[in-house]
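Proteins get letters first, then strands, A, B, ... in listed order; numbering begins at 1 in each. The analysis underlying the following values was restricted to heavy atoms, covering all of them including side chains, and did not include hydrogens, waters or symmetry mates.
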Amino acid sequence: DAGITQSPRHKVTETGTPVTLRCHQTENHRYMYWYRQDPGHGLRLIHYSYGVKDTDKGEVSDGYSVSRSKTEDFLLTLESATSSQTSVYFCAISEEVNTEAFFGQGTRLTVV
Amino acid sequence: EDQVTQSPEALRLQEGESSSLNCSYTVSGLRGLFWYRQDPGKGPEFLFTLYSAGEEKEKERLKATLTKKESFLHITAPKPEDSATYLCAATGANSKLTFGKGITLSVRP
């Protein structure tokens, strides 16, 4: 299995609070991605990174920010959590843009 | 904007009944077409990468093919353990990995 770890695995938080999810890799892959997965929508890209301090928006980036200060860590922050951000969040890594991505186990986030 | 569409949404097969899953894509400057399998409560697991029209990849009962507009995942003589959600994804010139909504496959014994 690819060395990719998401933390926490489960989290319940209150509306309006900031939340940070962490993705850590030991593969030294260049690309890292954050997705959310919801019934009826599939996997939707939130943000991705193509190198340290190099990030870009995906299709559902509103309300989310990311940071990548080291190759191995990619952080996803919900600036002020809302109930619509209740979802399962997946981190993925890939060596290059045209190679396969490997996924973490996911973080189940509930905003109450 | 890149789009990936999978059909049907769900498929129920009898064990041994072969079938195909469809993935249509509209991607500018295709760099790679990927198939994944996802089991409930887990992250997607990589199956195949295809890069150019005419390419085929095979693994056990699964074979993936690619044309300029579609990809197919052919399942030959499926078993109940092949039951899962199958995801198609594509990367284009914008470097974004875009997924379809997935096809839920159920194989009855």
field: Side chain, backbone, both or neither of B:Leu30 within contact of chain A (heavy atoms, under 4.5 Å)
entry: neither
Exceeds 12 heavy-atom contacts within 6.0 angstrom, atom CZ of B:Arg61: yes
message: With a 4.5 Å cut-off on side-chain heavy-atom distances among I, L, V, M, F, W and Y, is there a chain of contacts connecting B:Tyr25 to B:Phe34?
response: no
- line: Answer key: most heavy-atom pairs under 4.5 Å with chain A among B:Pro44, B:Gly32, B:Gly41, B:Gly43 is B:Pro44
task: Flag yes if more than 12 heavy atoms outside B:Lys57 fall under 6.0 Å of its NZ atom; otherwise flag no.
output: yes
query: Are more than 12 heavy atoms from other residues, nucleotides or ligands located less than 6.0 Å from atom CD of A:Glu79?
result: yes
message: When you group the ILVMFWY residues by side-chain heavy-atom contacts below 4.5 Å and let the links chain together, are A:Tyr33 and B:Val27 in the same group?
response: no
- prompt: Got more than 12 heavy atoms from elsewhere within 6.0 Å of CD, B:Glu9?
  reply: no
task: Determine which residues belonging to residues 104-112 of chain A lie within contact range of chain B, meaning some heavy atom pair is under 4.5 Å apart, and list them by number or answer 'none'.
output: A:Gly104, A:Gln105
message: Surrounding CD of A:Glu95 (heavy atoms of other residues, nucleotides or ligands, distance under 6.0 Å), is the total greater than 12?
response: no
- request: Go through B:Leu33, B:Thr85, B:Leu97 and name the one with the most non-hydrogen pairs under 4.5 angstrom from chain A.
  value: B:Leu97
- prompt: Which answer fits B:Ser95, side chain, backbone, both or neither, if we ask what part of it has an atom under 4.5 Å from a heavy atom of chain A?
  reply: both
Test applied, side chain to side chain contact (heavy atoms under 4.5 Å, CB included); reference residue, A:Glu100; option that passes from B:Phe48, B:Trp35, B:Phe46: B:Phe46
- request: Please look at B:Tyr51 and chain A and tell me whether the side chain, the backbone, both or neither of the residue comes under 4.5 angstrom of a heavy atom of that chain.
  value: side chain
statement: Cut-off 4.5 Å, heavy atoms of chain A, and the answer for B:Gln38 is side chain
query: Cluster question for you: counting only ILVMFWY and a side-chain heavy-atom cut-off of under 4.5 Å, with indirect links fine, are A:Val60 and A:Leu21 together?
result: yes
- line: Residues of residues 41-51 of chain A with a heavy atom under 4.5 Å from any heavy atom of chain B, in residue-number order, are A:His41, A:Gly42, A:Leu43, A:Leu45, A:Tyr48
task: Say whether B:Leu66 and B:Tyr86 are linked into one hydrophobic cluster, either directly or through other cluster members, by side-chain heavy-atom distances under 4.5 angstrom.
output: yes
task: Look up atom OH in B:Tyr36 and atom CZ in A:Phe103, then write down how far apart they are to the nearest 0.5 Å.
output: 5.5 Å
- request: Output the distance between atom CD (A:Glu59) and atom CG (B:Asp2), rounded to the nearest 0.5 Å.
  value: 10.5 Å
message: Could you check whether atom CD of B:Gln14 has more than 12 heavy atoms from other residues, nucleotides or ligands sitting under 6.0 Å from it?
response: yes
